[in-house]
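Lettering follows sequence order; numbering is per chain, from 1.
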Amino acid sequence: MAAMKPEAEYFSDMPSRMYSIALFSQLFTQMHEKMRTLRDFGLETIDQQVTFLFYVLRFLMEKTLRSEPCTIEDIAFAIQEICSRYFRISVYEEAMKLARVVVDQILYNNSEPIEFIPYKKNSAHNQYLKYITSSLEKDETGRYISYRMSEDGFHLMLSTLEMEQNMRIRIQDLIFEMEMQKKNYSKALDEIRRLFQLLRIREIDIQEKTAQIRSSAVSLAPEEYQALYQDNFEIMDQTRNKFAQYEKQVEGSINELNRRIHTVNFSEKELGNLSNLLQISALLKQSILAFTSIVTTLNNFSKDYQKELEEQMLCSSPRMYPWQKMVMDPVFNQPDLLASIDSFLHPLFFDQPQPIFLPASAFDFRKNRVMEESALVELADEQADEALLAALKEKQLRHKAHLDAVLSALLDALDQSDSRQTTLSGLLQSRPALFADLDTAREFLSAWSSSVRIDLDALRQDAGELVFEDLDSYNHLLSLLMFMPQYPFLEYYQALRIDKAGGRTQFQTVQDDLEMTVTADDLRFTLEGK
Amino acid sequence: MPLTINECFYTLVREHEIRSRSAEWDAIMMDPRHYEALEAMAQAFDCQIRQINDGIYLIPNEGNTFLGFSRTRLRETLIRPQATLTEYNLYMFIILVMLSEFYGTEYGRSHKRDYLTLDGLVKCVSAALETGAQTQQKDAEIPYEKLSGLYNAWQDTIEDSQKRTSKYYHFNRILKFLEKQKLIDWLDDPDQRQIRCTVRLDDLMGQYMRDEEHHKQMTALIKEVQHAASE
């Protein structure tokens, strides 16, 4: 027997097999690293672990085919189902954890590209794989991450069914045709469902390739492009025509059954056929739409490819500079570059324009004011208004100070009185100018005469809950509280009682620079002991 | 009524970009003259207009401190007022390492990964600081030893996020800034802290930041710094 030569011809197809080899090899390598973790979840043997992994992949594939969002919670839920139904283990509380291990770490490798390097010195055959991909989606409830199967993932899943894609579509098509001829409609319905699924895979595949083209046309070899374009276009075009014919046939059959539905001998079986046929018809219509969409995508794809190639031909020098060489290496070499690197990153950032000059304010609407006395129109002067406001504020503060002075006098009198009792008339006798003006008198008297008994203890307790703001209006309780620290003797008393002393009293005060005499009910202030 | 070019430009100044399938996009793409008019307007604002994939981007020219950042303003915005130049340099370094993690490869797709975890980035920065320490020239004013010194002084805790001495505080500060600039999505979810690139960053990094003109600018910058160092 002649020795086999190493360069034997049958090895020549190895490069084309490399991709599939890489797909499986890297999946198992990734899984191998997490073997112990998976065992902890109850998946004991490698066989179980691999099978489990493919169950999860199958779920992701389904979600992607249906273009449904797929969050980590969805996956966790599916994992729970898979585990209990097929592996007889319950992971209820840990399902989320397991989902993260499987999706983020094993399948996704934390989004690091998975590398397959078959030869030490020949990088041309290196493969970079990504089984799944994810995107950030937004809806009313907020942001969430949705996972989907990527092109590589689909190839992996398809290769477990051992068939080339184009072949599969043709074969499936054939089976469907056969079942239709046999009038075995329920079988035909299953077949066309499968066919439809294949079409969706094809559509996603082409969409991904198109996205790739947009980023860089060179990354797709011309042969690859030729194959993708021509094979797809041919098969899609042929199949579309064929499907249109099926659609006509099915319509015919439906019509015939519809005509006979009212006749006497319309059997149960025929009724079943009718419903199957109606479903087939619907799927056929959907498929034709899918074909059209694929053909359109292909056309766009071809346009994109040509455009990108043309653009790249125009640039004689390589268009993109590798970031590592262009930026990182110099920075590693000379860290002081960091201080001025902002001028390089400048295009990425936008500052909020500084409020320097606003021409719009020149056209702002301004209030005019009619003067009361002269009826002259003048521009509302905001500065003057502000001065007015300040004056008003000052007046208010003065008013408050007056009121506080009265209270202070009252407390002084109580402090000095042995019986801890005083009357308004008594106060006025010792201090004739008790009230600085009429407003002070009016406000003070109305506030205090409205209270009958002020519980000092309760007031002290409430102090913690009171919020001291710059209050405009006078509050006698608040003022009393403010004075408490200055009059420690108040601590020994439970309450301050206010009642009518009987009789009236008179005092002098000022209003608008005019002296006047005011008469008021006399009040008695008594402190109640504890 | 299609939008006028002035209105489109206002959107650009406000949003810094126009995406396809918008009224603005349609108005601009209706007529090549519209695009030219927009370019002229941008020029008057010391900016450039670039159409990259499905976006039209307004890009402030170097030295445009009206729409872009001046160095002082960037420092004020990015770092704490009392922070040192070392901290500023470290912040810039972290941004570069992050960009490098997403775009530092010639591998076919526009970015090499879909997301980066915060832990991942922290590790990458440590590794990159080491690489720097081994390859740097000796005459640097702020050498890598100083940067790593500061970096390692930041604690690894994540729980006490407000602590100003934690790595989390500083990374969060940088990432929040980048998110505000619409360059990344920063998912600060305790289960999974992820950084994701926006389409805007993909487009700008893919085509603009790595083009020839920009490369020239980088070369000039390197020369300038080397010149300053040798003096």
Do NZ/NE/NH1/NH2 and the carboxylate oxygens of Glu179(B) and Arg143(A) come within less than 4.0 Å?
yes
Counting heavy-atom pairs under 4.5 Å with chain A, which one of Leu187(B), Ile95(B), Thr77(B) comes out on top?
Leu187(B)
I'd like to know whether CZ of Arg21(B) has more than 12 heavy-atom contacts from other residues, nucleotides or ligands below 6.0 angstrom.
no
Pair count under 4.5 Å, heavy atoms only, with chain A: among Met218(B), Met92(B), Gln192(B), highest is Met218(B)
Atom NZ of Lys182(B): over 12 foreign heavy atoms under 6.0 Å:
yes
Contact origin within Tyr88(B) toward chain A - heavy atom pairs under 4.5 Å
side chain
Check Gln217(B) against Ser343(A) and note the closest heavy-atom contact, atom names and distance.
NE2-O, 3.0 Å
Just wondering, more than 12 heavy atoms not from Phe45(B) lying within 6.0 Å of its CZ?
no
For the interface with chain A, which of Glu62(B), Gln134(B), Gln48(B) has the highest count of heavy-atom pairs at distances below 4.5 Å?
Glu62(B)
Minimum heavy-atom distance Ser100(B)-Gln324(A), with the two atoms named
OG-OE1, 3.8 Å
Select one option (side chain, backbone, both, neither) describing which atoms of Ile222(B) are under 4.5 Å from chain A's heavy atoms.
both
To the nearest 0.5 Å, what is the distance between CD (Gln334(A)) and OH (Tyr144(B))?
8.5 Å
Check each atom of Arg200(B) against the heavy atoms of chain A and say whether the ones under 4.5 Å are side chain, backbone, both or neither.
side chain
Ser70(B) OG to Asp351(A) CG distance, which is reported to the nearest 0.5 Å
7.0 Å
Under 4.5 Å from any heavy atom of chain B, what part of Lys138(A) do you find: side chain, backbone, both or neither?
side chain
Considering only heavy atoms and a distance below 4.5 Å, find which of Glu224(B), His214(B), Gln194(B) pairs most often with chain A.
His214(B)
Rounded distance (nearest 0.5 Å) linking atom CD1 of Ile142(B) with atom CG of Leu338(A)
8.5 Å
Among Asp336(A), Asp329(A), Ile341(A), Asp104(A), which residue forms the greatest number of heavy-atom pairs with chain B at distances under 4.5 Å?
Asp336(A)
Specify which of Ala133(B), Gly120(B), Gly132(B), Cys47(B) makes the most heavy-atom pairs with chain A at under 4.5 Å.
Gly132(B)
Nearest heavy-atom approach of Ala140(B) to Pro335(A) is CB-CG, 3.6 Å
With only heavy atoms counted, which part of Ala128(B) is less than 4.5 Å from chain A, the side chain, the backbone, both or neither?
both
Counting N and O atoms only, with roles assigned by atom type, does the side chain of His346(A) sit under 3.5 Å from a partner on the main chain of Asn61(B), one being a donor and the other an acceptor?
yes
So which of Thr133(A), Ile72(A), Ile145(A), Leu345(A) has the biggest tally of heavy-atom pairs under 4.5 Å with chain B?
Ile145(A)
Verify the ring-centre separation between Phe177(B) and Phe349(A): is it less than 6.0 angstrom?
yes
So which part of Arg71(B) gets closer than 4.5 Å to some heavy atom of chain A, the side chain, the backbone, both or neither?
both
Heavy-atom closest contact (Ile59(B) atom, Pro347(A) atom, distance)
CG2-CB, 3.3 Å
Given a strict heavy-atom distance threshold of 4.5 Å, which part of Leu96(B) is in contact with chain A: side chain, backbone, both, or neither?
both
Working to the nearest 0.5 Å, report the span between OG of Ser135(A) and CG of Asp114(B).
8.5 Å
Would you say Phe116(A) has more than 12 foreign heavy atoms packed within less than 6.0 Å of its CZ?
yes
Side chain from CB out, backbone as N, CA, C, O: work out which of these in Leu204(B) comes under 4.5 Å of a heavy atom of chain A, or both, or neither.
side chain
Toward chain A, the part of Ile52(B) with a non-hydrogen atom under 4.5 Å
neither
Please state whether the side chain, the backbone, both or neither of Met328(A) comes within less than 4.5 Å of a heavy atom of chain B.
side chain
Closest-packed option against chain A by number of heavy-atom pairs under 4.5 Å, given Asp189(B), Leu116(B), Thr219(B), Leu99(B)
Leu99(B)
If we only count heavy atoms from C-beta on, is the Gln136(B) to Phe332(A) side-chain gap below 4.5 Å?
no
Between the CG atom in Leu74(B) and the CG atom in Asp342(A), the distance rounded to the nearest 0.5 Å is 5.5 Å
Centroid separation under 6.0 Å, is that true for the rings of Tyr108(A) and Tyr115(B)?
yes
I need the Phe344(A) CZ to His215(B) NE2 distance, nearest 0.5 Å.
9.0 Å
